[in-house]
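Keep in mind the model is a prediction, meaning the values are calculated, not measured.
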Amino acid sequence: RHPLATFFHLFFRVSAIVTYLFCDWFSNSFVACFVTILLLLSFDFWSVKNVTGRLLVGLRWWNQIDEDGKSHWMFEAKRVPTIAASTEAEARIFWLGLIICPVIWTMFFFSTLFSLKLKWLALVIAGISLQAANLYGYIHCKLGGQKTISRVTSRLFGTADVPKRQSRRISEDGTEEHGKTGTR
């Protein structure tokens, strides 16, 4: 249903990885390689966070600052009663790309660290940070915010379910938003 979104979900991620691997072959300029890869990572972060996550799996996350200056993380999950086969394939591609790429950047981190190519370390850390931020946000969306995560961790560790203050809103387009509310 969304072939263009699926293409760009993988295009920027794979392009950043391929450029990181082969940039030294095509250019002797460290700055040009660094900027190119950082731009690809930034395009990937923006497109996954704002476009492909919403189209392919119906999830979205963002940060909202209220009038008091307090930061609130919002996690939105679209309620979809039935999922078509093509959407399941797109969702699988979305999650595989979202999980595999941070693992690859983590392997780059260790190879960069052990080969002592420390000038690339900042770029690899930026890659891990951007990829992991999207993964973390979408896991929160998928699990339904802090309340569901609290239940999952309490089952794993055998602790009591501690209720957390939540704001939950269902808009007219059938989406449900979860956000941690501030206490005074």
Side-chain angles (χ1 to χ4, degrees), residues 1-23 32-65 71-80 82-112 120-146 148-149 152 168-171 173-180:
R1 292 173 47 185
H2 303 287
L4 194 60
T6 305
F7 171 77
F8 280 108
H9 176 70
L10 296 176
F11 175 75
F12 292 124
R13 292 173 172 265
V14 172
S15 296
I17 291 169
V18 169
T19 304
Y20 177 79
L21 289 173
F22 300 114
C23 196
C33 292
F34 190 94
V35 169
T36 302
I37 296 167
L38 196 58
L39 282 173
L40 288 169
L41 287 168
S42 300
F43 292 154
D44 170 62
F45 179 80
W46 183 88
S47 67
V48 170
K49 183 180 170 304
N50 295 315
V51 179
T52 63
R54 190 169 200 176
L55 291 176
L56 299 179
V57 291
L59 302 173
R60 189 172 67 150
W61 63 274
W62 68 94
N63 185 345
Q64 183 175 334
I65 298 176
S71 177
H72 302 281
W73 288 96
M74 306 299 289
F75 304 99
E76 180 181 81
K78 190 180 278 190
R79 292 185 178 175
V80 180
T82 59
I83 299 174
S86 64
T87 306
E88 288 179 20
E90 289 174 347
R92 191 168 293 133
I93 290 170
F94 176 83
W95 287 108
L96 283 174
L98 204 64
I99 293 169
I100 290 172
C101 288
V103 172
I104 292 172
W105 282 103
T106 303
M107 290 188 314
F108 289 162
F109 173 79
F110 288 113
S111 70
T112 302
W120 292 100
L121 202 57
L123 179 66
V124 173
I125 290 171
I128 291 171
S129 300
L130 292 171
Q131 301 279 322
N134 263 333
L135 179 62
Y136 180 76
Y138 283 112
I139 286 174
H140 266 278
C141 291
K142 181 75 173 170
L143 295 178
Q146 287 288 343
T148 307
I149 291 173
V152 169
R168 187 178 260 184
R169 184 176 69 190
I170 299 176
S171 61
D173 66 348
T175 59
E176 183 176 347
E177 296 175 6
H178 305 275
K180 190 174 179 183

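- For the pair Glu76/Arg54, a side-chain contact is recorded, criterion being any heavy-atom separation below 4.5 Å from C-beta on.
- Scanning both residues, Trp61 and Ala133, for their nearest heavy atoms gives CZ2-O, 3.7 Å.
- Taking the six-membered ring wherever Trp is involved, the centroid distance between the rings of Phe108 and Trp120 does not fall below 6.0 Å.
- Atom-to-atom distance recorded for Leu135:CG and His140:NE2 is 10.5 Å, nearest 0.5 angstrom.
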| request: Step by step, work out the side chain to side chain contact (heavy atoms under 4.5 Å, CB included) result for Leu59 and Phe75. | output: CA-CA 8 Å; Leu59 302 173; Phe75 304 99; over 6 Å; no

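- Nearest heavy-atom pair across Ala132 and Pro102 is N-CG, 4.5 Å.
- Between the side chain of Tyr20 and the main chain of Cys33, no donor-acceptor pair closer than 3.5 Å is present.
- A distance of 11.0 Å separates OG of Ser129 from CH2 of Trp105, quoted to the nearest 0.5 Å.
- Atom CD1 of residue Ile139 and atom CG of residue Asn134 lie 11.0 Å apart, to the nearest 0.5 angstrom.
- Taking all atoms of both residues into account, the shortest heavy-atom contact from Leu130 to Ser42 is CD1-N, 4.3 Å.
- Between the Glu90 side chain and the His2 main chain, a donor and an acceptor come within less than 3.5 Å of each other.
- Counted within 6.0 Å of CZ on Phe34, heavy atoms from surrounding residues, nucleotides or ligands total more than 12; the atom is thus considered enclosed.
- Across every non-hydrogen atom of Ile37 and Ala16, the tightest pair is CG2-O, 4.2 Å.
- The one candidate from Ile100, Asp44, Thr106, Val48 that meets the side-chain contact (heavy atoms from CB on, under 4.5 Å) condition with Gln131 is Asp44.
- Looking at heavy atoms from C-beta onward, Ile93 lies in side-chain contact with Leu10 at the 4.5 angstrom threshold.
- Using a 4.5 Å cut-off on side-chain heavy atoms (C-beta onward), Trp95 and Lys142 make contact.
- Between atom CD1 of residue Ile104 and atom CD1 of residue Ile17 there is a gap of 4.0 Å, rounded to the nearest 0.5 Å.
- When all heavy atoms are compared, the tightest approach of Phe11 to Ser15 is O-OG, 2.6 Å.
- The heavy-atom pair separating Thr36 from Ala32 by the smallest distance is OG1-O, 2.7 Å.
- Residues Ile128 and Phe109 are in side-chain contact: their nearest non-hydrogen atoms beyond the backbone lie under 4.5 Å apart.
- Taking CZ of Phe45 as the reference point, atom CG of Leu41 lies at 11.0 Å (rounded to 0.5 Å).
- Residues Leu98 and Arg13 form a side-chain contact, since some pair of their non-hydrogen atoms from C-beta on lies under 4.5 Å apart.
- To the nearest 0.5 Å, the span separating OG1 on Thr52 from CZ on Phe12 amounts to 10.0 Å.
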